[in-house]
Amino acid sequence: MPELPEIEIIRRELFPSLVKVRIVGLEIADNKIQIRSEDILNKTIIDLIRKGKYLFVIFNDRSSLLFHLGMTGSLIYTKKREILRFQRARIATAQGFISFCDARRFGKMKFLIESEREKVLQSLGLDPFFPEYTWDNFIRLLINKNLPVKNFLMNQNWISGIGNIYSSEILFLSKVHPEKRVNKLTIKEKKSLFESIPQVLNQAIQCEGTTIRDYQRTNGTRGFFQNCLKVYDREGKPCLVCGTPIERIKLAQRSTYFCPHCQKK
DNA sequence: CTAAACGCCTGTGAGC
DNA sequence: TGCTCACAGGCGTTTA
Ligand SMILES: [Zn+2]
């Protein structure tokens with residue numbers, strides 16, 4: 001479900017409800033989640049950090065909870081204790097409840113001490129909104145890569161936060177064909193990609209994320225960037241720039257959408 | 001080493 | 001209505 005913009009929206013929405021608040025309970029309804037209540041009970045949340053598609057709830061002793069929402073995960077905040085569909089875990093705070101719902105159970109929820117969190121953060125590639133996202137660091141990543149640029153964008157070890165929807169959108173804005181090999185990109189295309197990545201993600205954040213089927217904000221409502229998608233899920237529909245029908249192909253076993261006229265190999 | 005393919009999970013909607 | 005199939009915002013592991 002969620003890529004960088006959706007996680008960032010969730011982080012911003014949860015922040016005022018969680019920071020400076022104490023954990024008072026934990027209920028787990030899925031044996032794939034292994035957290036002991038005593039790991040987090042009575043700790044106070046001091047920050048919420050996002051990198052790529054990961055969200056960390058940081059406690060006063062620097063330990064943290066890691067959340068990754070997989071394909072269908074959501075974090076729903078409620079004042080009262082509620083039974084929600086596909087709920088895998090529920091955290092009670094002094095103020096309310098956070099429910100981790102996730103139909104396909106690809107998501108992750110783990111307790112980490114500080115050094116473990118550092119390791120996860122280190123393993124993730126450049127986040128497009130971190131200060132390390134610079135032109136020099138960006139082009140260094142492209143060296144010696146012989147794979148389709150779409151696959152490159154989706155690999156979280158190089159750049160973190162881009163998934164299947166936004167990779168197609170970024171490539172359309174950059175006018176780059178998704179199958180173009182990274183080592184064949186022109187300098188102009190590289191520059192265009194470098195700029196399009198934060199631009200598309202930013203627009204999606206302004207629109208509170210993309211809800212096509214599963215994504216929900218923390219109050220259960222939908223985002224609206226799905227109304228602004230230029231190519232994703234628009235197979236056969238006219239390109240909004242030139243009118244050519246949008247095509248769908250498979251790359252890395254994932255649907256990939258592009259305009260064959262605006263995005264030449 | 002790099003890059004591609006597979007497997008994990010469950011739900012939904014289209015077509016027959 | 002009921003069945004089957006394709007498909008779904010991801011990623012860790014296995015294979016080539
Ligand atoms: Zn076009």
Side-chain angles (χ1 to χ4, degrees), chain A residues 1-11 29-33 50-55 66-75 84-89 100-110 119-121 123-125 127-128 141-172 178-184 197 200-201 203-205 207-218 221-236 248-257:
Chain A
M1 159 181 90
E3 307 179 33
L4 185 153
E6 288 74 31
I7 306 303
E8 179 59 21
I9 291 298
I10 289 168
R11 190 193 71 80
D30 182 340
N31 58 14
K32 283 174 80 176
I33 298 175
R50 181 198 58 73
K51 183 172 182 183
K53 306 174 192 174
Y54 283 82
L55 182 68
L66 167 157
F67 285 97
H68 189 288
L69 301 186
M71 290 279 260
T72 54
S74 58
L75 291 172
L84 301 170
R85 208 169 169 216
F86 309 128
Q87 190 158 302
R88 302 179 65 190
F100 177 34
C101 304
D102 182 15
R104 287 176 76 180
R105 303 197 293 145
F106 285 167
K108 283 187 287 201
M109 175 178 173
K110 284 167 88 171
K119 231 160 100 185
V120 174
L121 288 169
S123 72
L124 289 170
D127 183 293
L141 291 173
L142 306 175
I143 297 168
N144 290 334
K145 299 268 185 327
N146 178 27
L147 76 168
V149 59
K150 201 247 191 181
N151 300 22
F152 170 81
L153 292 176
M154 300 264 295
N155 187 319
Q156 306 302 304
N157 302 129
W158 297 322
I159 298 173
S160 60
I162 302 169
N164 205 40
I165 292 180
Y166 297 114
S167 55
S168 281
E169 294 297 312
I170 288 162
L171 288 164
F172 177 76
E179 287 181 298
K180 180 124 185 184
R181 298 271 151 174
V182 170
N183 54 13
K184 297 278 167 56
I197 289 168
V200 167
L201 299 176
Q203 284 170 4
I205 291 171
C207 294
E208 325 270 322
T210 303
T211 304
I212 291 173
R213 44 185 73 79
D214 297 308
Y215 169 62
Q216 303 181 58
R217 294 173 48 195
T218 58
T221 61
R222 298 159 58 86
F224 48 95
F225 194 69
Q226 64 277 11
N227 305 319
C228 305
L229 295 173
K230 304 276 202 300
V231 288
Y232 185 85
D233 210 17
R234 295 195 67 244
E235 183 183 13
R248 176 165 72 106
I249 57 172
K250 288 268 186 196
L251 271 182
Q253 7 261 75
R254 313 291 300 276
S255 282
T256 304
Y257 300 84

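In the text below, chain A, chain B and the rest are named by the order of the sequence lines, each starting its count at 1.
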Using every non-hydrogen atom in the two residues, find where [X] and [Y] come nearest and quote the distance to one decimal.
X: N157(A); Y: S123(A); result: ND2-O, 3.3 Å
X: D102(A); Y: G107(A); result: OD2-N, 2.8 Å
X: E3(A); Y: G163(A); result: OE1-N, 2.6 Å

Name the residue closer to the 5' end of DNA chain C, choosing between I212(A) and N157(A) according to the nucleotide with the nearest heavy atom.
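Result: I212(A).
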
Between [atom2] of [N] and [atom1] of [X], the distance in whole Å:
X: M71(A); N: dC11(C); atom1: CE; atom2: P; answer: 10 Å
X: N151(A); N: dC11(C); atom1: CG; atom2: C1'; answer: 14 Å
X: I162(A); N: dG10(C); atom1: CD1; atom2: P; answer: 11 Å
X: R248(A); N: dA6(C); atom1: CZ; atom2: P; answer: 12 Å
X: K250(A); N: dA4(B); atom1: NZ; atom2: C1'; answer: 15 Å
X: L251(A); N: dG10(C); atom1: CG; atom2: C1'; answer: 16 Å
X: L153(A); N: dG10(C); atom1: CG; atom2: P; answer: 13 Å
X: R213(A); N: dA6(C); atom1: CZ; atom2: P; answer: 16 Å

So, OP1 or OP2 of [N]: does either fall under 4.0 Å of a side-chain N or O from [X]?
X: K53(A); N: dC11(C); answer: yes
X: N146(A); N: dT2(B); answer: no
X: R254(A); N: dA8(C); answer: no
X: H68(A); N: dC11(C); answer: yes

Less than 4.5 Å apart, side chain to side chain, heavy atoms only: is that true for D127(A) and R50(A)?
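Yes. Closest side-chain heavy atoms under 4.5 Å.
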
Name the nucleic acid region contacted by [X], choosing base, sugar-phosphate or nothing; use a 4.0 angstrom heavy-atom cut-off, strictly under.
X: Y54(A); result: sugar-phosphate
X: R181(A); result: sugar-phosphate
X: T211(A); result: base

Protein-proximity profile, nucleotides 7-15 of chain B, B/S/- by nucleotide at the 4.0 Å heavy-atom cutoff, equals -BBBSS---

Output yes when a side-chain donor or acceptor of E6(A) lies under 3.5 Å from a complementary backbone atom of T210(A), and no otherwise.
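Indeed, once roles are kept as given, a pair shorter than 3.5 Å links the two residues.
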
Between E169(A) (side chain) and V231(A) (backbone), is there a donor-acceptor pair under 3.5 Å?
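Indeed, once roles are kept as given, a pair shorter than 3.5 Å links the two residues.
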
So, S255(A) and R248(A): side-chain donor and acceptor under 3.5 Å apart, yes or no?
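Side-chain D/A pair, S255(A) to R248(A): present.
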
Is dA8(C) paired to anything, Watson-Crick or G-U wobble with both distances less than 3.5 Å, and if yes, which nucleotide?
dT10(B)

dC9(B) and dC7(C), which share atom name P, separated by this distance in whole Å:
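The answer is 22 Å between these two P atoms.
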
In terms of the angle between their ring planes, are Y166(A) and F225(A) parallel, tilted or perpendicular, with boundaries placed at 30° and 60°?
tilted

